[in-house]
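To keep things clear, I will list the structure first and then write my remarks on it.
Scope of the values below: all heavy atoms of this structure, side chains included, with no hydrogens, waters or symmetry mates. Being a predicted model, the structure only gives us computed values, none of them experimental.
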2 protein chains.
Amino acid sequence: MDNSGTFAHQHDGAGCAQHVRGDDCRFCNVRHLSICAALDPEELSFLEDMSGDAIYAEKSTLFREEDDVVSIFNVTFGVVRLVRSLSDGRRQITGFALPGDFLGLSLEKNWSFTAEAVTEVRACRFKRSIFEDFSDRKPHLMKRMHEFATHELSLAQDHMVLLGRLTAEEKIATFLVAMKRRWTRVEGHELGLIRLPMGRQDIADYIGLTIETVSRVINQMQRDRKLVIVPDGIRFVDPAYFDEHALR
Amino acid sequence: MDNSGTFAHQHDGAGCAQHVRGDDCRFCNVRHLSICAALDPEELSFLEDMSGDAIYAEKSTLFREEDDVVSIFNVTFGVVRLVRSLSDGRRQITGFALPGDFLGLSLEKNWSFTAEAVTEVRACRFKRSIFEDFSDRKPHLMKRMHEFATHELSLAQDHMVLLGRLTAEEKIATFLVAMKRRWTRVEGHELGLIRLPMGRQDIADYIGLTIETVSRVINQMQRDRKLVIVPDGIRFVDPAYFDEHALR
DNA sequence: AAGCGGCATTGATGCAAATCAAACCGTGGC
DNA sequence: GCCACGGTTTGATTTGCATCAATGCCGCTT
């Protein structure tokens with residue numbers, strides 16, 4: 001059974017259909033990971049009527065920092081980078097959204113970050129106003145959103161430790177271990193490789209290094225037989241090393 | 001009218017009574033800033049019965065990372081540092097809780113950080129289980145908790161930019177401006193000085209520098225007539241400089 | 001097959017902040 | 001008044017990562 005479902009470089013419709021079949025939530029294969037798992041069939045069908053499947057090309061922008069929050073998103077396929085930029089061009093990527101991740105938890109009127117498609121991205125899209133009315137009437141949905149938000153807060157704290165207190169080597173190791181865990185959760189089972197659909201510059205901007213340092217550290221790890229670099233990702237050769245050097 | 005209410009070095013009861021008068025929420029002067037502002041008088045009185053005023057000495061620990069969440073806290077006086085520690089002693093302070101700030105938004109069973117009193121701290125303390133039952137029955141309270149959580153998430157993103165992409169000078173400037181804003185909000189009006197009740201090491205662990213660098217940068221700013229160092233804080237001499245060098 | 005454009009890698013050098021090490025300063029105890 | 005102590009400042013030196021600068025590699029186009 002093939003569910004290797006590569007990201008950026010697969011263009012047949014069938015590959016995508018594995019991930020979202022039309023607009024029917026019943027066939028959504030990230031539902032158990034997403035906000036929607038809090039909903040019963042009736043609620044789901046209401047929300048389904050309110051939602052549409054949206055597709056974004058690689059490198060396109062879902063929304064920009066300061067934009068009005070018109071729609072909110074449940075990513076069903078692909079990878080989105082969440083970016084804060086400074087006026088002089090410095091960027092900090094605050095997170096990567098993977099299938100199952102929700103964009104628009106905050107109920108604020110404006111986005112506090114920019115979202116850009118790293119790969120082709122598919123997302124279940126809701127009108128913000130409708131979703132908000134709905135969540136106001138559904139306390140268990142609000143509670144689930146709150147749980148998602150506080151979980152993200154905990155991840156944000158992890159990330160602060162990484163940015164503020166880890167060495168370049170520890171940052172890379174921690175990032176790779178986290179990506180492995182996240183993909184395993186999304187895919188439902190462990191893969192031989194760790195997908196890295198984002199470029200080196202994105203990794204650098206996520207962990208607070210330069211592209212050169214990211215490249216150097218990863219290639220040094222390969223020379224040291226800790227991992228091997230493969231197309232679209234890396235493969236752990238010495239998992240024990242990563243257990244030891246990654247944070248939590 | 002005196003509401004200068006200093007922090008660590010004032011020991012007369014009257015000074016504290018400005019901030020919390022016994023256990024009566026009606027006299028709580030951080031209520032408008034806190035979670036409790038979402039509640040009507042009846043709900044407030046119920047919650048009041050469920051709460052107690054707690055006092056923590058300077059340097060004492062409210063709770064440790066991984067501890068069971070037995071109680072949750074609404075800080076009413078003083079400053080709490082929120083700490084993540086690595087096994088080798090490196091620390092990252094993920095935030096400082098000031099009066100009005102709430103500890104225990106997450107509804108998780110265990111704390112994801114340690115909370116230590118920087119100054120003497122007073123807090124309104126609730127049994128977690130009781131508060132949770134209550135919030136389950138009060139959707140508008142849950143919504144307010146969610147708003148607090150997503151606001152914190154946005155602050156966490158700000159902090160990631162600071163940690164990952166700012167220079168030492170920018171980090172200090174941004175930190176000082178943020179503290180000024182937060183104190184102004186808590187005090188209800190602008191003070192001449194910016195209180196820094198936390199030590200240099202805490203500032204360093206908050207913004208991802210060493211104590212020596214923090215000291216050097218602040219003292220350099222003083223030599224450059226950007227600020228003056230005063231007991232328990234600093235005073236801006238050249239506010240325009242800070243507007244320019246601090247992030248947002 | 002040659003040329004191009006967009007990453008990624010590698011090397012040489014620079015520099016901001018860390019580290020190592022002392023001195024300083026205010027406070028409290030005796 | 002003196003000393004001890006905890007926190008802060010200052011100075012000298014090191015270093016980890018950034019910066020600057022090629023070069024390499026792969027997929028696309030023509």
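Nucleotide D:dT8 holds its P atom 15 Å from the CD atom of B:Q222, rounded to whole Å. In this structure, the CG atom of A:D232 is 11 Å from the P atom of C:dA8, given to the nearest Å. Following rounding to the nearest Å, A:I203 (CD1) and C:dT9 (P) show an atom-to-atom distance of 9 Å. Nucleotide C:dC7 holds its P atom 15 Å from the CE atom of A:M198, rounded to whole Å. The interatomic distance linking A:I211 (CD1) with D:dT19 (C1') rounds to 13 Å, in whole Å. Computed from coordinates, the A:L196 CG to C:dA8 C1' distance equals 13 Å when rounded to whole Å. Across the protein-nucleic acid pair, B:R165 atom CZ and D:dT19 atom C1' stand 13 Å apart, rounded to whole Å. Atom CG in A:D205 sits about 15 Å away from atom C1' in D:dC17, given to the nearest Å.
Phosphate proximity of C:dT10 to A:N219: present, with a side-chain N or O under 4.0 Å from OP1 or OP2. For C:dA17, neither phosphate oxygen OP1 nor OP2 lies less than 4.0 angstrom from any side-chain nitrogen or oxygen of B:T213.
In terms of position on DNA chain D, the residue among B:G199 and A:V214 whose nearest nucleotide sits closer to the 5' end is B:G199. Both B:E212 and A:K59 sit near DNA chain C, but only A:K59 has its closest nucleotide nearer the 5' end.
For B:L209, the side-chain atoms get nearest to C:dA17 when compared with the rest of D:dC17, D:dT9, C:dA17. When each of C:dA18, D:dC17, C:dA12 is scored by its nearest atom to the side-chain atoms of A:R216, the top-ranked nucleotide is C:dA12. For A:T210, the listed nucleotide lying nearest its side chain is D:dA18; candidates were D:dT9, D:dA18, C:dT10.
No hydrogens or angles considered: a donor-acceptor pair under 3.5 Å links the side chains of A:Y56 and A:R125. Between the side chains of A:D67 and A:N110, no donor-acceptor pair of N or O atoms lies under 3.5 Å.
A:R223 comes within contact range of the sugar-phosphate backbone alone, with a heavy-atom separation under 4.0 Å but no base atom that close.
Here A:E212 does not pair with A:R200 in a salt bridge; the nearest charged N to carboxylate O distance is not below 4.0 Å.
Relative orientation of the B:H159 and B:Y206 rings is perpendicular, given thresholds of 30° and 60° on the angle between their planes.
Here the two rings, on A:F236 and A:Y241, have centers that are 6.0 Å apart or farther.
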